[in-house]
2 protein chains.
Amino acid sequence: MATISDVARAAGVSISTVSYALSGKRTITASTRARIEDAIRELDYQPHAGARMLAGATTNILALSAPIHTDGHLPTHMRFVTAVVDTARRYDYDVLLLATDDDVSGIRRVAASSLVDGVVAMGVKAHDERVEIVKRAALPAAFIGVSGEHGDGVACVDLDFERAGRLAITTLADAGHRTVGVVGHPPTYLERGTGFVQRFNAGLEAEAAARGIRIDVVSPTLARGDAERAFDDLLDASPEMTAVLFHCNEPVVEAVLRRIRERGLEVPTDLSAFAACASYDTSHLAVPLSSIPLPLDQMCRIAVESALRQVRGVDALGVELIPPVAEDRGSVARPRR
Amino acid sequence: MATISDVARAAGVSISTVSYALSGKRTITASTRARIEDAIRELDYQPHAGARMLAGATTNILALSAPIHTDGHLPTHMRFVTAVVDTARRYDYDVLLLATDDDVSGIRRVAASSLVDGVVAMGVKAHDERVEIVKRAALPAAFIGVSGEHGDGVACVDLDFERAGRLAITTLADAGHRTVGVVGHPPTYLERGTGFVQRFNAGLEAEAAARGIRIDVVSPTLARGDAERAFDDLLDASPEMTAVLFHCNEPVVEAVLRRIRERGLEVPTDLSAFAACASYDTSHLAVPLSSIPLPLDQMCRIAVESALRQVRGVDALGVELIPPVAEDRGSVARPRR
DNA sequence: GCGCATCATCGAAGCGCTTCGACACATCCC
DNA sequence: GGGATGTGTCGAAGCGCTTCGATGATGCGC
């Protein structure tokens with residue numbers, strides 16, 4: 001492996017000149033810079049990662065804290081991970097994946113060993129332990145999700161789930177629906193302390209109350225047949241239901257859509273359907289669904305950029321909530337009655 | 001952050017003594033070691049990753065080359081990733097995730113910058129470019145999948161797909177089936193140069209020929225409805241078909257199982273079904289399927305261990321093929337006729 | 001009790017990089 | 001024309017660790 005002194009020798013300059021040419025932190029004559037760049041190319045020089053870290057510069061590595069939950073939706077999880085990796089690469093950063101079940105030990109470890117410049121945290125809970133760790137270690141960090149009421153003093157980015165809940169109801173109410181069945185995430189999501197479900201529900205309930213909409217909520221588990229059963233319950237509880245609102249993962253949506261068909265109902269003629277905060281492509285479902293997409297890529301991009309801004313010493317804290325946007329795919333119609 | 005000299009001072013020994021106590025490369029008196037360990041605990045000392053790298057020791061990081069393909073099955077992909085991470089953690093290793101679309105540039109980069117001690121590569125092709133890179137860089141590496149005829153001189157681990165193909169036919173043939181429909185992976189898998197499909201098919205065809213079994217193969221794409229259509233084609237081509245053999249991802253299996261039901265057929269009474277090299281849990285399907293499970297965890301474990309053995313300087317090259325094992329879940333019965 | 005292994009510990013070099021201060025030189029203004 | 005200012009480059013220190021060789025202490029056999 002070529003070192004910086006090989007480059008310096010080849011270019012006929014000193015080591016520090018090469019370093020400054022690389023970092024751009026001091027002015028270098030164009031001709032000198034050109035010679036250095038030639039040498040770098042010729043020797044296929046790549047800075048030694050360890051040396052760079054040790055000398056107190058950046059590591060060009062970001063940790064991604066991505067705790068796995070047994071009830072989580074693996075494809076969604078993976079989409080987040082790859083979105084973070086893609087964005088990081090665009091800034092010449094690599095990603096160290098902390099994906100064991102233990103959320104905190106990994107962060108603690110990388111923080112203490114100065115292995116990473118910053119952290120991006122997924123699966124953020126309403127009260128997330130990781131907040132304290134990054135604060136104490138003064139480690140640049142961005143949370144995908146909101147910890148605490150107002151971000152607990154760290155950088156958070158998320159879809160505005162509260163507004164998404166309102167928007168979902170608004171969309172259905174504007175189409176004339178008065179009784180809406182809601183298919184939510186498994187109850188374990190709430191138990192685990194995931195904040196977004198609470199926030200979505202709060203928006204949902206507030207808007208429904210304000211507009212006098214009746215909502216019935218079911219939270220099927222991921223067990224086979226549970227989604228279908230939950231839909232049946234919904235219909236039993238309110239036979240006058242004219243719309244189904246999904247706030248759950250793709251397999252549950254697919255199962256319910258099949259059940260709807262099985263019961264001889266058609267979307268949107270007999271029943272309107274709307275997918276809120278969909279982490280999947282609703283246009284490829286058996287029935288393309290109008291939806292509020294989860295802006296997953298955007299969330300990851302903002303998170304990575306926030307973390308990197310903090311690395312550069314720019315204060316980038318605070319909560320950024322992305323406004324929800326509804327997309328019409330024709331699955332919401334006026335109720336017939 | 002505490003450094004090694006803080007620890008040395010606290011324990012009343014020299015820096016090198018602390019280092020040797022940590023690495024165990026020289027003998028240290030029990031009492032000295034105890035004092036050092038106390039100091040480490042008290043100061044919450046964690047070695048500086050960069051310093052360790054620079055001093056020529058290990059980085060305790062493994063790169064995971066996990067190229068993403070649009071036609072891949074994200075949950076399976078994610079299971080591989082987490083299995084590698086879990087195993088690595090058990091050896092006190094962290095994982096740097098190289099998951100952009102470009103297989104090779106990531107490996108090249110980490111190799112040149114000495115960022116990682118080794119590489120684990122997923123999604124291995126029949127002729128994988130990454131082989132040359134790790135060989136040239138003398139980078140410890142383990143491939144999950146087989147490159148070339150016999151591993152191209154690098155460490156490879158995989159299910160023995162050829163035997164799996166044979167075993168699948170054997171299982172069905174032993175139950176008395178003479179005409180088998182095969183639902184395979186999308187054609188893009190083969191076009192992309194994925195080796196395991198070829199090897200599975202080779203085993204399949206050889207065994208079928210040897211036993212005089214008729215096989216019809218369909219390779220549905222992931223487009224909605226294509227799996228169902230493919231199954232219909234299978235039935236049209238050979239109405240005397242008594243068994244379906246799956247060598248595809250879960251969503252396709254689910255779709256075909258539904259189609260089977262829709263056509264008024266029952267498994268295993270009317271039609272036997274068998275899932276080969278299943279990366280998913282076949283006991284949770286609508287119809288629990290007898291299967292040859294893909295030993296995903298075992299593959300990842302072996303790969304990580306092989307890479308780490310190479311890091312320690314032990315020669316761990318060569319191909320390790322895991323023998324396939326069939327599990328009976330009652331979805332294969334004797335044909336009725 | 002002497003020389004000789006063996007054991008436990010230490011000091012110092014060096015890994016490749018960044019960055020600070022210094023320096024030589026050119027440019028500018030009164 | 002001389003001091004002030006700015007520009008491009010260099011030398012050297014130091015980041016925290018590993019490891020080699022050296023050294024003092026201990027135990028052994030004869």
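The shown structure was predicted, so the numbers you read here are calculated from the model rather than taken from an experiment. Below, read A as the first sequence line, B as the second, and so on, with proteins coming before strands; counting in each chain starts at 1.
Ion pairing of B:Arg41 with B:Asp38 is present here, as a side-chain N (NZ or NE/NH1/NH2) and a carboxylate O approach within less than 4.0 Å. Salt-bridge annotation for B:Arg109 and A:Asp94: present, with a side-chain N of the basic residue lying under 4.0 Å from a carboxylate O of the acidic one.
Contacts of A:Ser23 with the nucleic acid, taken as non-hydrogen atoms under 4.0 Å apart, are absent. If you check every strand for non-hydrogen atoms under 4.0 Å, A:Ser16 touches a base. B:Ser19 comes within 4.0 angstrom of a base, heavy atoms only.
Under 3.5 Å, the side chain of B:Tyr20 and the base of D:dC17 form no donor-acceptor pair of N or O atoms. Within 3.5 Å, a donor on the side chain of A:Arg26 pairs with an acceptor on the base of D:dT9, or the reverse.
When the local axes at the two ends of the helix from C:dG1-D:dC30 to C:dC30-D:dG1 are compared, using 5 base pairs at each end, they differ in direction by 40° after rounding to 10°.
A:Phe80 is not listed as a side-chain neighbour of A:Leu64, based on a closest heavy-atom distance of 4.5 Å or more. Proximity of B:Thr3 to B:Asp6: side-chain heavy atoms (C-beta onward) are separated by under 4.5 Å at one or more points. Counting only heavy atoms from C-beta outward, the side chains of B:Ile36 and B:Arg33 never approach each other to under 4.5 Å. When side chains are defined from C-beta on, A:Gln298 does not count as touching A:Val157, because their heavy atoms never get closer than 4.5 Å. At a threshold of 4.5 Å between non-hydrogen side-chain atoms, the residues A:Val81 and B:Val81 do not count as touching. Looking at B:Phe143 and B:Val134, their side chains come closer than 4.5 Å, going by heavy atoms from C-beta outward.
Of the possible donor and acceptor atoms, one in the side chain of A:Thr87 sits under 3.5 Å from a partner among the backbone N and O of A:Ala83.
When distances are taken from the side chain of A:Ile15 to each of C:dT18, C:dT9, D:dT19, the shortest belongs to C:dT18.
Contacts between residues 35-55 of chain B and DNA chain C, counted as heavy-atom distances below 4.0 Å, involve B:Leu54, B:Ala55. Residues from residues 109-118 of chain A placing a heavy atom under 4.0 Å of any atom in DNA chain D do not occur.
Atom NZ of B:Lys25 and atom P of D:dC20 are 8 Å apart (whole Å).
Classified by interplanar angle (parallel below 30°, tilted 30° to 60°, perpendicular above 60°), the ring pair A:Tyr189/A:Phe196 is perpendicular.
Judged purely by distance below 3.5 Å, without hydrogens or angles, the side chains of A:Ser279 and A:Arg79 never pair a donor atom with an acceptor atom.
OP1 or OP2 of D:dC10 sits under 4.0 Å from a side-chain N or O of A:Ser14.
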